Amino acid sequence: MNAPVPGLKPTTYIGQDTPRANARRLLAGRGQYVDDMHLPRELHAAFVRSPHAHARITRLDLSKARQARGVFWCGTGHDVAAVVSPWVATLTHFKGLKSAPQYAVALDRATWQGEAVAVVVAQTRAQAEDAVQLVEVEYETLPAVTDMETALDATTPVIHPDLGDNLAFTRSLDTGGVGDVFAGAHLVVEDTFRFGRHTGVCLEPRAITADYDASEHQLTVYLANQAPHMMRDIFAKHLDMPESNVRVIARDIGGSFGIKVHVYPDEMAIVGIAKLLKRPIRYSADRLESMSTDIHAREHRVKARMAVDKDGRILAFDMEDLTGIGPYSVYPRTSAVEGNQVVNLTGGPYDFRHYIASLKVVFQNKTPTCQYRAVGHPIAVAVTEGLVDLAAQKLGMDPAQFRRLNLIPDDKYPYTSASGLKFEQLSHHACLDKLLKLMDYPKLRAEQAALRAKGIHRGIGLAALIEVTNPSALFYGVGGARISAQDGCTLRLEPTGWVTAITGVTEQGQGTEGMIAQVVASAVGIPVEHVRVITGDTDVTPYGGGTWASRAAGIGGEAALQASKELKSNILALAGAILKRDAAGLDLRQSQIVERATGEVLQPLSETARIGQYRPDTLPREFQPQLSVTRQYGQRDWPFVFTNGIQASYVEVDPDTGFTRLLKHWMVEDCGTIINPMLVDEQLRGGIAQGIGAAMLEEILYDADGNLKNATLADYLVPMAAEMPDMVFGHVETPTKSSELGAKGAGEAGTAGAPAAVMNAINDALAPFNARVTDQPFTPERLLKALGKV
Amino acid sequence: MDHLITVNLKVNGTDVTKSVEPRTHLVDFLRNELSLTGSHAGCEHGVCGACTVLVDGEIVRGCLTLACQLEGAHVQTVEGLTESGAIADLQTAFHQRNSLQCGYCTPGMLVCASALMDEHPQASREEIREYLSGNYCRCTGYEAIVDAIESTMKNRAAGKALAGEDA
């Protein structure tokens, strides 16, 4: 008979809704965003930006601006180019990708409306902005290439004549035999899907303060950015400085979503000017600059068809994607990734063998596009799920049943998709079952039918998805990008018994620091309040990639786990030396050294740590306590560790006005080990809200001359509180075996699937009218057009 | 812009006298002149609400209000509301419910919510959403914010009821 153990038991924070410590200062208004911080002798920069989409600069006169009050310096593109070398954003694994040299400030020609053509530096921001008005620029306007559909026509001007044409990148994929499969198929469904241009609309605009100290040849850059080490490498390279003389500090960041992971020409200019003037230079974009110079994303037109057999089994996909990326591929991740992902991910959740795809990525005179949250996923998911629902409708099958028939079986892993993606272990069917239960699908269908009889038009839309997370070096490193595929965590045992964790993954509000604290506290054996986490400083943290592609928990969390295990082992060795016991018989629980077998408390950790730091003289001569450890982790088993999930949307459409009301949204997701369920759900929720923005509201509009027509938050609509539905979540946990922690990412699945779910729900509501929409966003006007009412 | 206007006002209970350019917006005045960086400039159009502060108890947009208009006014920012403890329960609820991610909208959201709770202490979820519809949050999807405000209102109402019983 076993008596209850009287001592301490191991505890864990993994799976707990632990509130994140760093939220407290943000709630008190004590955040430290870049623009909140000031340096002695700092100067403010403001940019002169091209009002034309494409124009040659024929005269640029800075003389009046130089005379303006408070102005310290004015420069042209040539002045900045003297200190910042240009870049060309290509990577070798995107074969054939081409782009032109891009300068921090345009030299002689502006290629999109908003491109910087000159810069003014003054004592205050207002003075710099006043002086911008005094810069005289004359332009010869050039024909603007705006329509991606005609960008490759022989009659369309070539934006970069040296490149020969406006084709940045093209890719084809063909598994073979696809034509025959389509020819022999029982049913072929096809449609064309259009996706509006978006931008991330971070509430904190991009901001930078660069400080160059000539005495030490040291550049310190305070930057709102997700990848500080990547930026350090780039600043060093383009300013021709040793990388070790560059420090990048990213403190609090007011939203990012992939927007703040790229190289922005104006930020390069600021860094260069700081070096040139040997003074701190600060710059913060205003909203107009954010809308016209933050990267855009998702301007795609996809023609796709899907072949199905008589039982409703998917046989093949055929997809053609055209996307416009602006005048340059964006440095250093390139603008080929989004289209490439669409090719990779289309059809992703389904079990089929035949696939043919082609991708064309073209240049235009619009703001450059690059990776924004869920890169490529929302497009691939909308195309796939749109065709899936269409096929189910044509066959008279329930859309949930059609998915059950076609989703990759949960026992068929590892699985290689038709596009070549490798899946370790997904759980589509478990997620589908859970979703249908969560939303009470049969009851909802009954309610829909009953209301339809009363003239109330509701629709239910499903969208299954996969998400790229925990990327290996195959994402960027293999193509020559100096973007780290691994991350590290240093742990330091303080003399008090608390632990300082210093990690290369970064925090933009998703809860990275809280997640790291939970992993460390659990694995070391201390209260989570005793872990202090430091991120975002290249002089301090281990070298690493940062936070993007949903990698912070999966990569950074695993590094923290391995460091914690090592630190704990070292602590127990120290305790063993102090207590003259075998360390193997000891454990650390709730900050107490205990006997492993009984949990009996032997010594508080604070005492162990005190002796380790201050009284090593009392320890055996040959024993040196190791109270700081670093472990690094890169995921090497798979190109990416995919997650899966499925969403459902319930909407009501008013066929007279075209307005859609979002009634409810559900999602079941499998991101492996869940470290903090509350933080995961909030990632899903925020991601879904951004996806709903795409489906319902967001579209950057240009006129035919390349003028950006809705560059304010009064004109570019984003989801607000009153329009958002309540959301319900469920989870399936399939830990990845590629790490001990088993965590996969969860940052992008919400955004990936929401537009497709909403689209399918709207089309389900419109079905009685024989109407259908596939062009996002689904505005009242587009619905009324589909209904033949306007 | 040589002409400066002297303005006397109270900020978070403290008397302030400053000379400002007529064009200086309240949010820039708070941030640059008084180092009260909790209020943020998000859209500079009065749309996003990140600059929301209280002027004489009413919520206003710091980006649409000129500092020189505020002679004799009392401005309260997130820093003042934090130090006085007036919204400590709301801040705790936001923390527990993770009703913020990047935190950039949060000060404006808190100021707006505190006004709602004063004006309409029994607001429904729909009314909370409607009241917040001038405050943009890109991170959360709003539901956690609504949850925290709703729970704080309920707790305040329960606290008042309890205080009433005691009296």
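If you're wondering where the values come from, they're calculated on a predicted model, not measured in any experiment. Chain letters run A, B, ... following the sequence lines, proteins first, then strands; residues in each count from 1.
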Scan for salt bridge (Lys or Arg N to Asp or Glu O under 4.0 Å) pairs involving residues 44-61 of chain B, sequence neighbours excluded, and state none if there are none.
none
If you tally heavy-atom pairs under 4.5 Å against chain A, which of B:S39, B:C139, B:A41 wins?
B:C139
At what distance, to the nearest 0.5 angstrom, does SG of B:C48 lie from CZ of A:R287?
7.0 Å
Heavy-atom proximity to chain A below 4.5 Å, by part of B:S133
both
Begin with the C-alpha distance, continue with both residues' side-chain angles, and end with the deciding distance and a verdict on side-chain contact (heavy atoms from CB on, under 4.5 Å) for B:R138 and A:Q690.
CA-CA 7 Å; B:R138 187 58 149 180; A:Q690 283 184 11; 3.3 Å; yes
Counting a contact as any heavy-atom pair under 4.5 Å apart, which residues of residues 88-102 of chain B contact chain A?
B:Q91, B:F94, B:H95, B:Q96, B:R97, B:N98, B:L100, B:Q101, B:C102
CG/A:L26 to SG/B:C105 distance, rounded to the nearest 0.5 angstrom?
10.0 Å
So for A:L713, is it side chain, backbone, both, or neither that comes closer than 4.5 Å to the heavy atoms of chain B?
both
Okay, B:T37 and chain A: the region with an atom under 4.5 Å from a heavy atom over there is both
Any heavy-atom pair between the side chains of B:Y104 and A:P205 that's under 4.5 Å?
yes
Of the backbone (N, CA, C, O) and the side chain (C-beta and beyond), which part of B:Y142 lies under 4.5 Å from a heavy atom of chain A, both, or neither?
side chain
A:K664 and B:E143 ion-paired at < 4.0 Å:
no
Under a 4.5 Å heavy-atom cutoff, which of B:G38, B:G42, B:G134 has the most pairs with chain A?
B:G42
Among B:L132, B:D28, B:T140, the residue with the most heavy-atom pairs under 4.5 Å to chain A is B:T140
Derivation and outcome, side-chain contact (heavy atoms from CB on, under 4.5 Å), residues A:E723 and B:R129:
CA-CA 8 Å; A:E723 300 134 11; B:R129 284 185 180 276; over 6 Å; no
Going by an N to O cut-off under 4.0 Å, is there a salt bridge joining A:D36 and B:R31?
yes
